[in-house]
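Computed from a predicted structure; not experimentally measured. Lettering of chains follows the sequences in order, A, B, ..., and the numbering in each one begins at 1.
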There are 2 protein chains.
Amino acid sequence: MTARKKNSTYTHNEKYIVNCDLTYALSMIGGRWKILILDKLDGKTLRFSDLKREFYYVTERMLTLQLKALEKDGLIKRKAYAEVPPRVEYELTEMAMALSPLLKQLSEWGGRQREQQQTS
Amino acid sequence: MTARKKNSTYTHNEKYIVNCDLTYALSMIGGRWKILILDKLDGKTLRFSDLKREFYYVTERMLTLQLKALEKDGLIKRKAYAEVPPRVEYELTEMAMALSPLLKQLSEWGGRQREQQQTS
DNA sequence: GTCATTACTTACATTTTTGTTCGTTGCATA
DNA sequence: TATGCAACGAACAAAAATGTAAGTAATGAC
């Protein structure tokens with residue numbers, strides 16, 4: 001999102017992340033609020049204000065940033081209507097829908113893992 | 001890993017992450033090198049030096065931090081032998097093994113997504 | 001003409017994550 | 001006696017991610 005200094009090790013190492021399909025996948029859903037947004041948009045079309053209301057604890061700036069990133073990565077579609085006040089709707093792309101069942105499995109695993117951790 | 005100031009919004013918002021099984025799951029594999037490590041340990045027991053050689057581009061400190069976090073989260077087991085020079089072996093826990101097939105699916109999805117993105 | 005509305009944007013501050021460099025331990029070997 | 005080894009730890013620095021606070025645009029309602 002922000003400008004990168006070239007030649008930093010952080011940037012340099014990025015190739016090891018991007019070259020791998022798995023880390024590439026995770027990088028697209030790794031933002032703090034991204035999967036929550038994807039989950040909320042599952043099966044629905046929502047306006048920015050709907051998301052804002054749902055994620056009242058997330059600042060508008062963060063919501064915007066995460067939405068922009070998701071759009072850039074082809075996970076959500078943005079439709080802006082030329083109205084005043086503005087209306088913008090978001091919905092999942094097909095690739096994001098293909099991700100849904102995977103996320104459900106991950107969620108179940110997370111639940112089991114949480115139990116495991118509590119009894120240890 | 002590092003001390004947290006209480007009352008920061010970042011910390012405060014963490015509950016929305018931890019309360020959700022999905023974000024909880026992702027938080028455990030979200031570190032920069034964690035899944036690469038998990039992937040490398042799949043089906044094998046490896047020494048710290050093995051991992052160091054494999055991930056030559058990751059600093060020892062980062063490797064240590066990620067391993068510690070994985071251990072704390074119950075994804076890897078650490079066995080230290082009382083020898084000199086020291087010998088420490090790492091292997092996956094059962095929960096981590098249960099995660100493997102999921103990660104494979106995610107990886108495949110990542111590959112498809114990468115192709116999609118390139119043609120757009 | 002003032003105000004409310006919606007979906008943002010900008011400048012800046014804070015917090016977290018990652019990386020750099022150097023040191024430690026205790027024994028074996030040269 | 002000096003050096004190398006393996007697996008770290010600690011102090012510090014850089015970079016990224018997230019959060020705070022304020023402002024913008026165009027229009028319709030009052």
Inset, instruction - Quick one: label B:Arg78 by what it contacts on the DNA or RNA (base, sugar-phosphate, nothing), any heavy atom closer than 4.0 Å. - result: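 The answer is sugar-phosphate, as B:Arg78 gets under 4.0 Å only of primed atoms, P, OP1 or OP2.
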
Legend entry - Any B:Glu71 side-chain heavy atom under 4.5 Å of B:Lys77 side chain: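 The answer is no, as the side chains (C-beta and beyond) never meet within the 4.5 Å cut-off.
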
Inset, instruction - For residues A:Val18 and B:Arg114, determine if any side-chain heavy atom of one lies less than 4.5 Å from a side-chain heavy atom of the other. - result: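 Side-chain contact under 4.5 Å: yes.
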
Just how far, in rounded Å, is [atom2] of [N] from [atom1] of [X]?
X       : N      : atom1 : atom2 : answer
A:Phe48 : D:dA25 : CZ    : C1'   : 15 Å
B:Ile76 : D:dA7  : CD1   : P     : 13 Å
B:His12 : C:dT14 : NE2   : P     : 19 Å
B:Arg87 : D:dC5  : CZ    : P     : 18 Å
A:Leu67 : C:dT6  : CG    : C1'   : 14 Å
A:Glu83 : C:dA4  : CD    : P     : 22 Å
A:Tyr56 : D:dT20 : OH    : P     : 14 Å
B:Ile17 : C:dT16 : CD1   : C1'   : 13 Å

Legend entry - Ion pair check, A:Glu91 and A:Lys44, cut-off under 4.0 Å: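 No, this pair does not count.
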
Determine: side-chain N/O of [X] to OP1/OP2 of [N], distance under 4.0 Å, yes or no.
X       : N      : answer
A:Tyr90 : C:dC8  : yes
B:Ser49 : D:dA7  : yes
A:Gln66 : D:dT18 : yes

Inset, instruction - Using the test ring-ring contact (aromatic ring centres under 6.0 Å, His included), find all partners of A:Tyr16 that sit at least two apart in sequence or belong to another chain. - result: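 Counting only residues at least two positions away or on another chain, A:Tyr16 forms a ring-ring contact (aromatic ring centres under 6.0 Å, His included) with B:Tyr57.
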
Contacts under 3.5 Å, N or O only, protein and nucleotides 19-27 of chain C:
residue	atom	partner	partner atom	Å
C:dG19	OP1	A:Asn13	ND2	3.1
C:dG19	OP1	B:Arg32	NH1	3.3
C:dG19	OP2	B:Trp33	NE1	3.3
C:dG19	O3'	A:Thr9	OG1	3.3
C:dG19	N7	B:Arg61	NE	3.0
C:dG19	O6	B:Arg61	NE	2.8
C:dG19	O6	B:Arg61	NH2	2.9
C:dT20	OP1	A:Thr9	OG1	2.4
C:dT20	O4	B:Arg61	NE	3.4

Legend entry - Cationic tip of A:Arg53 above A:Phe48 ring, under 6.0 Å, 45° of axis: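 No; the conditions do not both hold, so A:Arg53 does not lie above the ring face of A:Phe48.
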
Inset, instruction - Using the six-membered ring of A:Tyr81, assess whether NZ or CZ of A:Arg47 lies under 6.0 Å from its centre and within 45 degrees of the ring axis. - result: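 Judged by the rule, A:Arg47 and A:Tyr81 form no cation-pi pair.
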
Inset, instruction - Please check if A:Tyr56 and A:Trp33 belong to a single hydrophobic cluster, counting links between Ile, Leu, Val, Met, Phe, Trp and Tyr side chain heavy atoms closer than 4.5 Å. - result: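 They do share one cluster, since a chain of ILVMFWY contacts under 4.5 Å joins A:Tyr56 to A:Trp33.
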
